[in-house]
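Please read the structure below before turning to the comments.
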Amino acid sequence: MARYNAKTTEAKWQATWAERGVFAAEVDTAKPKYYVLEMFPYPSGRIHMGHVRNYTLGDVLTRYKKAQGFNVLHPMGWDAFGLPAENAAIERGIHPAKWTRDNIAAMKKELLAMGLSYDWRRELATCDVEYYHQQQRMFLAFLDAGLAYRRESLVNWDPVEHSVLANEQVIDGRGWRSGALVEQKKLTQWFFRITEFSDDLLAALDGLERWPERVRLMQSNWIGRSEGMKVDFAFADRPGALTVFTTRHDTLFGASFCAISPQHPLAQEIARTNPKARAFIDECQRIGTSEAALEQAEKIGFDTGIKVRHPCRASWELPVYIANFILMEYGTGAIFGCPAHDQRDLDFARKYGLAVTAVVAPPGQEADFTIGDAPFLDDGKLVNSEFLDGLDVAAAKTKMAAHLEAKGLGQRTVNYRLRDWGVSRQRYWGCPIPVIHCPACGVVPVPDRDLPVRLPDDVDFAGSGNPLSRHPTWKRVACPGCGKPAERETDTMDTFVDSSWYFARFASPRATQPLEADAIGYWLPVDQYIGGIEHAILHLLYSRFYMRAAKRCGYVDFTEPFSGLLTQGMVCHETYKDANGKWLYPEEVAFDPAGTAVHAASGAPVTIGRSESMSKSKKNVVDPNPIIDKYGADTARWFMLSDSPPERDLEWTDAGVQGVWRYVNRLWRLVDEPGAPVATVGAARPAAFGEPATALRRVTHKTIATVTKCMESFHYNRAVAAVHELSNAIQEFCAAVGPQATAADAWTHREALEAVALLVGPMMPHLAEEMWQQLGHRNLLAQTAWPKHDPALVIDDVVTIAVQVMGKLRATLELARDLPEAEVRSAALANGSVVKAIAGKAVRKVIVVPNRVVNVVV
RNA sequence: GCCCCUGUGGCGGAAUUGGUAGACGCGGCAGACUCAAAAUCUGUUGUUGGUAACAACGUGCUGGUUCGAGUCCGGCCAGGGGCACCA
């Protein structure tokens, strides 16, 4: 029996598609467009299972939409700037550019072997000078529009390496390489004014109907619009006031302290003269800059000795603490603490022996409500609050706000959690920020004629700090304004900037302006974007901002870059550790006959950890290449689609791939060695069909309907199941009709086989193409229209109705579709098992759900 | 810690969105073919009791709404993603 030869077949069709330019997309205003995009990869050197899953999903959609008659754009590129290239340079002495280019070449080869429907002519890498040249122009346009600006902010600073650390490079408060305690350092850095669009970014989420609800929710929470007040607490023994932001001004009479961020100007001022305060602030800064670290750290405070007066009772003085959990970036960097109605404030008050006064009480407990271990967070009636007593929370907020505003002590404010986007990176391998610092003229944009600002090739990674600023000559330039000696900006841009507009650049990847209007107008926005859920907030929000900024600068005329979003789950695998606690790759682990895991090389015992998303750091990665090499891309693709719905995490197991490979061969045999005659291509449709043929035709058309629906809703795993059922039905049909099949049987057989090939086409394109050819076609399946089902064959005239007694299934009835309710009812009540279950009790009620269920209530 | 999501047989999952829980596949078991193995084909496979018909139980735990809950609501538990310099 000839087995399907995946390797030669796949290479053959890949070459054919490429030669005929099947996936080359051009603007064609006569056809409806569809833009499919997967999140472009970071060129780490090898594709991993997450990529295989991501690109398979995009490829299925592309081929399906193409078969539906759309003009489909499906490009691919490389998110090529970033930290790992610099790490490679430091660790192995390879230039980041070479490392990146080599990785791109290797990964492209792997992608080509997957048979993906990309228009490779549009390939781009963000480290291409022609790409970052255009990005620099857009940066200057943003600068001109006031959307880019400089200010001071904190970075993680490694005092030994003299370099800025990414959050992931800070481990337990220490630099990952030097092990030195990380400090925080203030640097003047570039920001994009994303907060300019806070309201719009939030409001427009409602219109993103083809985005997952949870992503919209996460973004909404991230933007974090909250209505509250700025309230002034006058200093008791100095002029001025401390302005706090609160959303709970109703609880103002429960205030027992104020707290300010360690970065608050007041904290900084105190620290200049008070060494203890200085030490406390330094201690706080050791936690790092990440919000997660701050929130999880023990809540501690430092009593500054400064007192402020309560805005409603001037005689009431409250202490001011510096506290490690107050973020300078949020609100005013200062709060008032009301321990009775906030968990964090309560913890803090208990720790420092501060008063806990309940000012909101649950109904009925207004007289004697006290707080124990937990704050009271629900609505209730105000108590101990003078003019607010007796009001509910909402009414108290309104009254307090009016009171404070009338006295000039506060102001209603809308506050956002969203902060401006810091885009400066003190690194080499990124897009240079195209400005020049002149001692006389200040910040001067690089004139357009002098763009691009190219990265120098001759850089030294051996030293510490930013190689660009250490470069002996690169930054020394003449000021474009006055001609005197000046210095280039040596910060490069966050790589999120690169990925915030690449999807638009794909419309005209070689254009000499950033974005080309005609191409953008036709192709954008992206109709379906597909990528990991881990990008649900940052990348997607930055891209949404970037398009708004680009629109304001006249580059585009839309604001939302992605009309549809599919967030795929992670690909997971078991983790392995040796006796020393070191992570092991799956291929380093062997299983002995008893199923115990051992180190393949040494035989030493191995601990199996739980399954987690594949990551290099835990080494629980499976290389797709050996699988593609052995079984072919179609097998890997089908496995990715068949086992889990796209949005769910997928557990990679070696078992199963074998099964898919067997199924590939089974499908191939359906056409290569058919079990019954197959009519010739284009044979006339017979006038009548026999019993087995009608049954098969029903399955065929139901499968077409099901798979089509699944394709529209991304339920690819269900599409796979439906195709399985059709191929099972074909085998049963062949066994039933055998070699004596009639002409009508042969025609039906062909109809079913063609349906299988066409339906499988987007998922296993090489096998489908080969089947199509084997069935006698001379055109390409990749250029053939999607099949349509015959509605008459999809609806059964007999339905199975479940009969329950008190909700418990007692019988099923085969009845004619749409039988009158009375007849269904009497048929159900006449059934022996039903009678037995009723056991002579009086029937109180019979619920009949048409064509589905009867429930007898006794 | 905060925000979001997920939880169904030995395993991945399905269930027309409130109407027969376990489709389809993997794995297992039994059989056919074979000198043998692979491949292929057939049957079987939620758990418990029963030779069987059948019965009881069963969708993380717990409480509720309903004629009826995997699906809706409340409370918990476990796992995953994100937390602004990883991409």
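These figures come from a predicted structure and were not determined experimentally.
For the pair A:Trp78 CH2 and B:rA87 P, the computed distance is 17 Å after rounding to whole Å. Computed from coordinates, the A:Asp342 CG to B:rC2 P distance equals 11 Å when rounded to whole Å. For the pair A:Phe496 CZ and B:rC83 P, the computed distance is 8 Å after rounding to whole Å. Remark: P of B:rC86 and NE2 of A:His535 are 12 Å apart, rounded to the nearest angstrom. Protein atom CH2 of A:Trp661 is 15 Å distant from nucleotide atom C1' of B:rU40, rounded to whole Å. Rounding to whole angstrom units, CD1 of residue A:Ile801 and C1' of B:rG68 are separated by 16 Å. With rounding to whole Å, A:Leu829 atom CG is found 19 Å from B:rC67 atom P.
Anti is the classification of B:rU47, since its glycosidic angle lies more than 90° from 0. Taking syn as a glycosidic angle within 90° of 0, B:rG9 qualifies as syn.
At the phosphate of B:rG58, neither OP1 nor OP2 sits under 4.0 Å from any side-chain N or O atom of A:Lys808. Taking only side-chain nitrogens and oxygens, A:Asn728 comes nearer than 4.0 Å to OP1 or OP2 of B:rG25. Residue A:Asn717 places at least one side-chain N or O closer than 4.0 Å to OP1 or OP2 of B:rA14. Considering only side-chain N and O atoms, A:Thr495 lies under 4.0 angstrom from the phosphate OP1 or OP2 of B:rA87. Between B:rU20 and A:Arg810, no contact under 4.0 Å exists linking OP1 or OP2 to a side-chain N or O. Residue A:Asn665 has no polar side-chain atom (N or O) positioned under 4.0 Å from OP1 or OP2 of B:rA39. In terms of phosphate contacts, A:Ser644 brings a side-chain nitrogen or oxygen within less than 4.0 Å of OP1 or OP2 of B:rG13. Applying the 4.0 Å criterion to OP1 and OP2 of B:rA84, one finds that A:Arg417 has every side-chain N and O outside that range. The phosphate of B:rC86 has neither OP1 nor OP2 within less than 4.0 Å of any side-chain N or O from A:Arg425.
Separation of the C1' atoms belonging to B:rG13 and B:rG46 is 14 Å when rounded to the nearest angstrom. Remark: the separation of the C1' atoms in B:rC76 and B:rG10 is 28 Å, to the nearest Å. Comparing the same atom, C1', in B:rC77 and in B:rA84 gives a spacing of 31 Å after rounding to whole Å. Going from the C1' atom of B:rA56 to that of B:rG43 covers 27 Å, rounded to whole Å. Spacing between B:rU16 and B:rG27 at atom P, rounded to whole Å, works out to 28 Å. Straight-line distance between the C1' atoms of B:rU17 and B:rC3: roughly 27 Å, to the nearest whole Å. B:rC57 and B:rG50 have their C1' atoms separated by 15 Å, given to the nearest Å. Separating the P atom of B:rU71 from that of B:rU65 is a span of 15 Å, rounded to the nearest Å.
Among the protein residues, A:Gln426 comes within range of the nucleic acid bases, having at least one heavy atom under 4.0 Å from a base atom. Nucleic acid contact class of A:Arg344 (heavy atoms, under 4.0 Å, all strands): none. Residue A:Gln296 is in base contact, counting any heavy-atom pair closer than 4.0 Å across all strands shown. Residue A:Leu418 is classed as a base contact, given a heavy-atom separation below 4.0 Å to a base. Within the 4.0 angstrom heavy-atom criterion, base atoms lie near A:Thr800. At a threshold of 4.0 angstrom between heavy atoms, the contacts of A:Glu213 with the nucleic acid are absent. Residue contacts shown for A:Asp649 are limited to sugar-phosphate atoms, with no base heavy atom under 4.0 Å away.
Atom CE in A:Met49 sits 9.5 Å away from atom CG in A:Leu650 (nearest 0.5 Å). With rounding to the nearest 0.5 angstrom, the CE atom of A:Met570 is 14.0 Å from the OG atom of A:Ser644.
Side chains of A:Asn54 and A:Glu38: a donor-acceptor N/O pair is absent below 3.5 angstrom, by distance only.
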**Message:** Run A:Arg216 and A:Glu213 through salt bridge (Lys or Arg N to Asp or Glu O under 4.0 Å) and show every step you take.
**Reply:** CA-CA 5 Å; A:Arg216 291 192 277 169; A:Glu213 184 57 38; 3.0 Å; yes

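In this structure, A:Arg417 pairs ionically with A:Glu291, as a charged nitrogen and a carboxylate oxygen lie closer than 4.0 Å.
Considering only side-chain atoms of A:Arg852, the nucleotide from B:rG27, B:rA87, B:rU16 that sits closest is B:rU16. When each of B:rU40, B:rG25, B:rG7 is scored by its nearest atom to the side-chain atoms of A:His724, the top-ranked nucleotide is B:rG25. Which of B:rA21, B:rC86, B:rG1 sits closest to the side chain of A:Leu809 comes down to B:rA21. When distances run from any side-chain atom of A:Leu538 to the nucleotides B:rA84, B:rU20, B:rC85, the shortest one goes to B:rA84.
Nearest-nucleotide positions on RNA chain B place A:Asn855 closer to the 5' end than the other of A:Asn855 and A:Asn156.
Shown here, B:rG18 forms no base pair; nothing in the strands shown gives a Watson-Crick or G-U wobble contact with both key distances under 3.5 Å.
Exactly one of A:Arg151, A:Gln426, A:Glu152 qualifies for a side-chain hydrogen bond (donor to acceptor under 3.5 Å, both in side chains) with A:Gln189. That residue is A:Gln426. Of the residues A:Thr492, A:Thr100, A:Thr495, the one that meets the side-chain hydrogen bond (donor to acceptor under 3.5 Å, both in side chains) test with A:Trp429 is A:Thr100.
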